[in-house]
Structure formats: C-alpha cells, structure tokens
Amino acid sequence: MATKILVAVKQVIALDEDFEIRADGKDVDADFFLRDLNEWDDFSLEEAVKIKEAGGEVEVVVVTVGPEEADESLRKCLAKGADRAVRIWDESMEGSDSQAIARVLAAAIKHEKPDLVFAGVQSSDHSFASTGIAVAGLLGWPHAAVVNQFDFSLGATQATIRRELEGGVLQMMNIDLPAVLSIQLGINTPRYASLRTIKQAAAKPIETLGLGDLSLNAAEVGEVGSASRVRRMYIPEKGRAQMIEGSLAEQAAKLAAIIKEFKGATV
Amino acid sequence: MSGILVIAEHRRGELRPVSLELIAAAESLKASSGGPVTVAIVGPSPDTFVAALKVTGVDEILTLAAGSGDFDPDTQAAAVSAAIAARSPSLVLIPHSVDAFGYAAVLAAQGGYGFATDVFKIESDSGAWVATRGGYGQKVNVELDFPGKAVVLLTVRAAVYKPAEGSSNPTVTALPVPNVSAHVRPGEYVEMSQADDVDMTAAEFIMSIGRGIGEEARVPQFRELADAMGATLGCSRPIADSGWLPKSRQVGQSGKTASACKLYIAMGISGAIQHLAGMKHVSTIVAVNADPGASIFSVAKYGIVGDIMEFGEELKTHF
Ligand SMILES: Cc1cc2nc3c(=O)[nH]c(=O)nc-3n(C[C@H](O)[C@H](O)[C@H](O)COP(=O)(O)OP(=O)(O)OC[C@H]3O[C@@H](n4cnc5c(N)ncnc54)[C@H](O)[C@@H]3O)c2cc1C
C-alpha cells in the first residue's frame, strides 16, 4: 500500500507599505494584503517530496484551510511535486485562530488517513507556532516540533528525528509513527518550480471540501470555535529609532561618522 | 478558577532563566488573578530545582516527578495537565520555547482552554485576561481576549519580564503524574558544527546581512565592507540556511547571541523576533532596510530607509 504524506500548508499574508488598520480596528485593511505560500511550508513540502523521490510508492497530498485565493499557493505546491491538493473552506471558517484551523485539519486527516503529517514550525504572518502540534493533540498522534532532520524508511513504525533547540543545540529523538512533525527552516533546500511543472500544475484539479464533508459543524470553527478572539489590532509605537535622512551620500557620511566615533572610543 | 500557574523549564540539568521571568510576570498579575502563584516543575528529580524557584511572589511549588530528565512532549503534557487539574488556575504561563512548541498547543486543544502564544503583554480587564502579541511579521500588535474560557494558557516571550529575585517561603507539594506511554524518546544532544573560527559572542562591532542582499554573489561585497570597517560579518538565518555564510555567523535564537557587541549594523534584516533574541540588547543598533515599516526599526537606535546595495557602496567610500 502506498505511503501517504499529508502536508498542511498555509497561504500567508505580508503587508504592503503604508498599510492601514480596518475601520473596526480588528485587522489590517485587506487592500494591503500580499499573499504567498508560507516560507516554512516550502521546507515541509520538500521533505515529503524528497521521500517520494527516494523511491517506493508515496503520495504527497497538500491540504490548506482557506478561501479560493489560496488555490494559488496550492498550485505552487503542485508545481513543486505534490500529487494532490485539497482546499477546505466554508464561510463559517472566517476568523478561525490556529486552534480552530487545527480542528479542521484534524478532520481532514481522519478523512484522508495519511501515514505521516508535516506542518511548518510556524507561519510567517501570525507565528503562532502551534497549528500542527494542536492537530496532533486532537488526533492523539505522536508529535515533535522544530524538526530539522528526519530519517525514515517506508513502512517503518519509528523514525529518528533531530529537534533544533535554542542556542545552536540540537537533540536527537526517536518517535513512533504515524506522527505529526513541525518542520523547521533549513532541513533541506527547497526546489524551485520549473516552467514545465508550473504549466502542469495549472491543469491539475484542486479538490474542495466543506464543513459537511468533514462532519464538522459551524460552532467548531471560525471565531466561535477559536481559543482566542481579536479585540484590537494596532500599529505599535515605532520605538526609539532616530531616522537618518538626507541624500544617500549624506546618510552614508552620517553612519560613517557614527562608526568612526565608536571605533575611536573603543581603541 | 483563580490563581496563576507558571510552568518552569529546565534543560540538561539547568533551570532555564525564562522560568524566573514568568514568575515575575505572574507576580505582577497576582492581584488581578485573585489567587496564589503556583510554580510547577516536571522531571525525574524535580526537587533539585526547588531552591532556585523560591523567589519573590511564589506561594507554592508543585514538584511532578516524571520522565527521563530530558523533555518529551507526552510526559510534559500529562504532568502539566495534572497540575492544572489540581490547582484550577485561571491563567497558565509557559515559556514560548522550543519545548513549549512541542506540547502547549496539545494541552490547549485537549483542554479547550483559551490560548495564545508568543505573548509579550498580559493584562486583566474587569476580571478577564487580555494578551498582546505581534501579528503580520511583528508589524502590528494584536490584543486578544478569551470569551467563555475558564482557563487561559499563554506562552510568554523570553526577555520581556525582568527575572524574579529575592526569596520566598512557598509550600512545596509533590503531585503524582499519571502514567503515560511516551511516543517520543529523547536522545543525545548535538552542538551545531563550527565551520568557522569566528566567535560572534566576542565581537564588539558586527555588521549582519539578511535576505535583503538578494543573492549569494553579493556576499563578497559586504564581506569587503565589513573588513574595511573592522566589523565582524554576521547574518540572519536565511543566509546561513542557504549556505552563503557559515552557521556559526548566524545571530539569533537558534544561533549566536551578540553578547559583547556594542555596535550592530543590520543590513536588509526585517527584525523577526528570533533574530532580535540575539541582538536587541546591543546599545547601538543601526538598521538599513528598504521597508520603512520593517520591525527592525523598533529596536534600532538609528534607522536608514534605502537600498543596502547602493548604501553599502557609498558607505565603503568612507573606509
Ligand atoms: C525556532 C526558530 C528559530 C529561529 N532562529 C533564528 C535565528 O537564530 N536567527 C535568525 O535570524 N532567524 C531565526 N529564525 C527565522 C526568523 O523567524 C526569520 O525567518 C528570519 O530572521 C528572517 O531573516 P531576514 O530578516 O534576513 O529575512 P526577511 O524577513 O525576509 O527580511 C528581509 C528584509 O530585507 C529587506 N530588503 C529586501 N531587499 C532590500 C534591499 N535591496 N535593501 C534594503 N533592504 C531590503 C526587506 O524589506 C526585509 O525587511 C528562527 C525561526 C524559528 C521558528
């Protein structure tokens, strides 16, 4: 039987320059959103695709929770080697925090029955660093966070992983499978999609699932199904940075003077 | 539900300093919580940490004897669950650490608790907990509340609260931990390899480059600039992960701390919290970034908005 690896991915939001907070004060105005695949997910997808390319029967399925615009990120994953892409959405999922998203992903995992689940350590926009591990909690699966090496052979019931800790220290661990792993930057070198695979991906279907397909109800997702609620979003005070203005030459001269003064003071 | 439970953390036999920071946070919120501050410590011989945890503000220390001495997420989650069940706190504080990444979300999911991570400010608004964290790559602050949640679990950013000091005379209680079958078996520790002889922790003047340099071919130009200025060349994580500079030059949470640094120039670095962890203490930080909204400017003393390629060339003419 084929080994199925499910990779949970997210389309993240970066903010355009001079962004503004929405009138209700609870989010940034969506006009300033720039969307892309989460940086960490590039690495978790690559890790799954590497396993597939090492031989044997492996299927890589990417799953995201998000509205239609997330298809663009799923296509990117298809172009980088995913076999199938699934997008789960229902209007009631709007406003979901990482715990509510995890509930949807856990339901998707029951539906897909994968042998391994990868998620990114965190997303570059809200950096909760918790979705993948919350999924494991809901499923009761073994789990490990911040994994930067994964040694595994198809069909094995255990794998060796390496966890990245603080301060340049790593730790080897042995984990039971199936498991959910949160994958860290640098575990591999993610590939670029080629023109050919991008074209192929454009022609592939994206499967869509809703609440009913996963036997979820609206009260389990969205703001009501979340573990937190946004009260207010605001732009923080810019701190103490004194901006060095002027022409390029003037700015460089000012910084050079700061550096020379510093060096004069320390020698 | 009242009182605050703090989960202390240790690694390789040492109490992690962030534990004392969280105790200080709990002590500052004690009046609002209407209950005691309890500190829980999990390990095969938790008693060894008790003396170090008897700091100002602590009312009770729970020792939970379990595990092998090295973190495993299943034992830790079971023990913390037992502590929550035994003391019914309204607020649970856990360090926002790599260990916590491995179990805090499990507790929240299984317990149905209010939950937020990487929190740097905690308040009480008419009896309800309010937590503040960053959003959109730290460009905004997000204030969260937890309607309908009797227990709120927060992972708290390190180096925000000053560590608790002084002494206290708390009750020490040993709490049993239910047997769990751990699915993860911790093994040996490995130090990141040192491909380079540079010691970032000793450098007084560092210029670091980030993803803003765009391509590897530009690294030599910045190396020359650093040499000309007498600066040690450092970098943010993507530069080291791509192999453009050795890992030993990476500044930040999973890299080096610029401990001796007095002047730090960040070129094309956005200011992610994990990078700041290695350099935000430096007295003079200069940030050069094309994005005027980059969060690095919130820790910098001097900021320059512009292109680092052009700026680097211009700066070079002075040395
Ligand atoms: C557990 C964990 C540990 C981590 N440990 C570390 C760590 O130790 N160290 C670390 O650095 N990161 C670490 N990270 C990663 C961190 O979250 C960020 O991803 C990383 O710091 C981003 O690096 P950067 O600022 O160079 O890149 P980006 O965030 O991509 O920022 C690039 C910046 O360059 C600017 N820019 C682009 N082009 C130009 C130009 N031509 N001129 C001027 N400016 C330009 C952009 O405006 C942007 O601000 C860790 C993450 C996790 C989850």
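All chains are named by letter (A, B, ...) in the order of the sequence lines, taking the proteins before the strands, and each is independently numbered beginning at 1.
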- Item | Carboxylate-amine/guanidinium contact Arg191(A) Glu46(A), below 4.0 Å | yes

- Query: Side chains of Val12(A) and Glu39(A): does their closest heavy-atom pair fall under 4.5 Å?
  - Reply: no

- Message: Closer than 4.0 angstrom, basic N to acidic O: yes or no for Glu164(A) and Lys247(B)?
- Response: no

- Task: Would you mind checking which part of Gln274(B) comes under 4.5 Å of any heavy atom in chain A, side chain (CB onward), backbone (N, CA, C, O), both or neither?
- Result: side chain

- Query: Can you check whether Arg162(A) reaches Met172(A) side chain to side chain, under 4.5 Å on heavy atoms?
  - Reply: yes

- Message: Can you classify the ring geometry of Phe115(B) versus Phe128(A) as parallel (below 30°), tilted (30 to 60°) or perpendicular (above 60°)?
- Response: tilted

- chain A heavy atoms under 4.5 Å from Tyr113(B): which part of the residue, side chain, backbone, both or neither? backbone

- Note on the structure: If one checks every heavy atom of Ile265(B) against chain A at 4.5 Å, the contacting part turns out to be side chain

- Item | Segment of Ser181(B) engaging chain A (4.5 angstrom heavy-atom cut-off) | neither

- Name the member of Asp74(B), Val152(B), Val130(B) that forms the most heavy-atom pairs with chain A at distances under 4.5 Å. Val130(B)

- Given the options Arg12(B), Glu188(B), Lys316(B), which has more heavy-atom pairs under 4.5 Å with chain A than any of the others? Glu188(B)

- Task: Determine the option with the most heavy-atom pairs under 4.5 angstrom with chain A, choosing from Asp125(B), Ile285(B), Asp118(B), Leu107(B).
- Result: Asp125(B)

- Portion of Ser97(B) that has a non-hydrogen atom of chain A nearer than 4.5 angstrom: both

- Greatest number of heavy atom pairs closer than 4.5 Å to chain A - which of Gln110(B), Gln138(B), Gln250(B), Lys149(B): Gln110(B)

- Message: Taking side chain as everything from C-beta outward and backbone as N, CA, C, O, which of these in Glu166(A) sits under 4.5 Å from a heavy atom of chain B? Side chain, backbone, both or neither.
- Response: both

- Query: For Val142(B), is it the side chain, the backbone, both or neither that has a heavy atom under 4.5 Å from a heavy atom of chain A?
  - Reply: both

- Give the intermediate values and the outcome of side chain to side chain contact (heavy atoms under 4.5 Å, CB included) for residues Phe150(A) and Ile183(A). CA-CA 9 Å; Phe150(A) 180 54; Ile183(A) 302 290; 5.6 Å; no

- Note on the structure: Cut-off 4.5 Å, heavy atoms of chain A, and the answer for Ala290(B) is backbone

- Item | Any side-chain donor near an acceptor of the partner, Ser130(A) and Thr117(B), under 3.5 Å | no

- Task: Check whether Pro147(B) gets within reach of chain A through its side chain, its backbone, both or neither, counting any heavy atom under 4.5 Å.
- Result: side chain

- Message: When you compare the side chain of Leu216(A) with that of Val104(A), does any pair of heavy atoms fall below 4.5 Å?
- Response: yes

- When only heavy atoms count and the cut-off is under 4.5 Å, which of residues 305-313 of chain B reach chain A? Val305(B), Glu310(B), Phe311(B)

- Message: For a 4.5 angstrom cut-off between non-hydrogen side-chain atoms, does Leu34(A) reach Phe19(A)?
- Response: no

- Take Arg35(A) and Asp125(A) through the test salt bridge (charged side-chain N to carboxylate O under 4.0 Å, His left out) and record every step on the way to the result. CA-CA 10 Å; Arg35(A) 296 182 166 86; Asp125(A) 50 7; over 6 Å; no

